[in-house]
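Protein chains get the first letters and strands the later ones, always in sequence-line order, with residue 1 at the start of each.
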Amino acid sequence: MPELPEVEVVRAGLERHVVGATIALVDVLHERPVRRDPGGASGFAAALTGRRIEAARRRGKYLWLPLDNGDALLAHLGMSGQMLVQPAGAPPERHLRVRFALSFPPGSAPAGGVPAGELRFVDQRMFGGLSVSPGGADLPAEIAHIARDPLDPEFDDAAFVARVRRRTSGVKRLLLDQGLISGVGNIYADEALWRARLHGERPGDRLRPVQVRELLGHVRDVMTAALAQGGTSFDALYVNVNGQSGYFDRSLHAYGREGEACDRCGRPIRRVAFMNRSSYFCPGCQPVPRTRRRV
DNA sequence: CAGTCGCCCTGCTGGC
DNA sequence: TGCCAGCAGGGCGACT
């Protein structure tokens, strides 16, 4: 599942393969992925046709492509979304939802790459989506409420620490709060908490500043490590967002390891229900806080 | 406003 | 063999 590192791999791939291209044709094959666009499928297509892609940007798990008129194509991959760069005429993927035919002006094809034929949004479960953000080239208004992500040089560590310590929710819930810090999903939240030896139910206002700072450092470390491994996951024609490629499985210490021995203390990793999903933690290294609190 | 919960989607897996 | 519940889960609307 794409979290910040995977989305960054996609962004880098788009930067390399589609920046400079003009969108010649838009084909919406399924309405749901464009549900957030007020113009609907037809308005979405009309607003993008003929526009040139100027850049590829990201904040947290959101991606956007600034366009030559100041608008932007905003994208979220949800759980299963992929952005694929394919040669024109490649057979359609099973869950192909939106196609963009691309054309490059003579001499401006990406260096070292085959000129892109199509940008494709493929999404099995359709939690993801695309929309046109009017005037959103710099920062789409639709995501202005999302906090900066921990790899953003302008992320304010001190403000984050202060905000966490004013909240009564469990720290895992706070890590997943995109208004506090963006880009952290269930997997990296569990991994960062394991590294920090903190239980996710520890209330924010019961943490010392140094603990929050260390946790933030672990969030950055685990994401940076995953990103380094994710850099190899796509070739010249593919922007590969395949979450099953296994590149980060190897470095996981908690997530998905129910019953397996903790890499640090040997106690079996536990899984508990959390917000209609799961949390994984080591009961030895990450003791449950004494004050019971639902997270 | 902070906090919490349920829903949206599809496909795979496991139990009976 | 078939059926259905459970699970995966980010974000948002609705509620207290």
Between protein and nucleic acid, restricted to nucleotides 12-14 of chain C and to nitrogen or oxygen atoms under 3.5 Å apart, what atom pairs and distances do you find?
residue	atom	partner	partner atom	Å
C/dC12	OP1	A/Y62	OH	2.8

Checklist entry - Is A/S278 touching bases, backbone alone, or none of the nucleic acid, heavy atoms closer than 4.0 Å? => result sugar-phosphate
Next on the checklist: Any side-chain N or O of A/R32 below 4.0 angstrom from OP1/OP2 of B/dC9?
Outcome noted: yes
Next on the checklist: Both A/R167 and A/R35 contact DNA chain B. Taking the nearest nucleotide for each, which residue is further toward the 5' end?
Outcome noted: A/R167
Checklist entry - How are the rings of A/F155 and A/F160 set to each other: parallel, tilted or perpendicular (split at 30° and 60°)? => result tilted
Next on the checklist: Within the structure provided, determine whether A/L74 and A/L130 are in side-chain contact (heavy-atom separation under 4.5 Å).
Outcome noted: no
Checklist entry - Can a donor-acceptor pair be found between the side chains of A/D149 and A/S182 at a distance below 3.5 Å? => result no
Checklist entry - Using a cut-off of 4.0 Å on non-hydrogen atoms, how would the nucleic acid contact of A/R94 be classed: base, sugar-phosphate, or nothing? => result sugar-phosphate
Checklist entry - Are A/R35 and A/E31 within salt-bridge range, i.e. N to O under 4.0 Å? => result no
Checklist entry - For the pair made of CG in A/L176 and P in B/dC5, what is the distance, rounded to whole Å? => result 14 Å
Item to check | Nucleotide B/dA2, atom C1' - distance to CZ of A/R163 in whole Å | outcome: 11 Å
Next on the checklist: Can you see if the side chain of A/H95 gets near the phosphate of B/dC9 - specifically, an N or O under 4.0 Å from OP1 or OP2?
Outcome noted: no
Item to check | Side-chain N,O (A/Q178) to OP1/OP2 (C/dG10) below 4.0 Å | outcome: no
Item to check | Heavy-atom pair of closest approach, residues A/P150 and A/L4 | outcome: CD-CD1, 4.2 Å
Checklist entry - Does the distance from a Lys or Arg side-chain N to an Asp or Glu carboxylate O, for A/R163 and A/D177, drop under 4.0 Å? => result no
Checklist entry - What is the distance, rounded to the nearest whole Å, between atom OH of A/Y280 and atom P of C/dC7? => result 10 Å
Item to check | Side-chain N or O of A/S80 closer than 4.0 Å to phosphate OP1/OP2 of B/dC9 | outcome: no
Item to check | Check: A/R125 side chain, C/dA8 base, donor-acceptor under 3.5 Å | outcome: yes
Checklist entry - Nearest-Å distance, CG (A/D123) to C1' (C/dG11)? => result 14 Å
Item to check | Polar contact flag, side-chain donor to acceptor under 3.5 angstrom, A/S131-A/R36 | outcome: no
Item to check | Interatomic distance where CE belongs to A/M126 and P belongs to B/dC7 [whole Å] | outcome: 19 Å
Checklist entry - A/E31 has an atom CD; how far is it from atom P of B/dT10, in whole Å? => result 14 Å
Checklist entry - A/E93 and A/Q82: side-chain donor and acceptor closer than 3.5 Å? => result no
Item to check | Integer-rounded Å distance: B/dT10 P and A/L77 CG | outcome: 18 Å
Checklist outcome for this item: Atom CD of A/Q124 and atom C1' of C/dC7 are separated, to the nearest Å, by 13 Å
Checklist entry - Which nucleotide in the list C/dC7, C/dG10, B/dG3 gets nearest to the side chain of A/R271? => result C/dC7
Item to check | Closest nucleotide among B/dG6, C/dG11, C/dG10 to the A/N276 side chain | outcome: B/dG6
Checklist entry - The side chain of A/H76 lies closest to which of these nucleotides: C/dG11, B/dT10, B/dC5? => result C/dG11
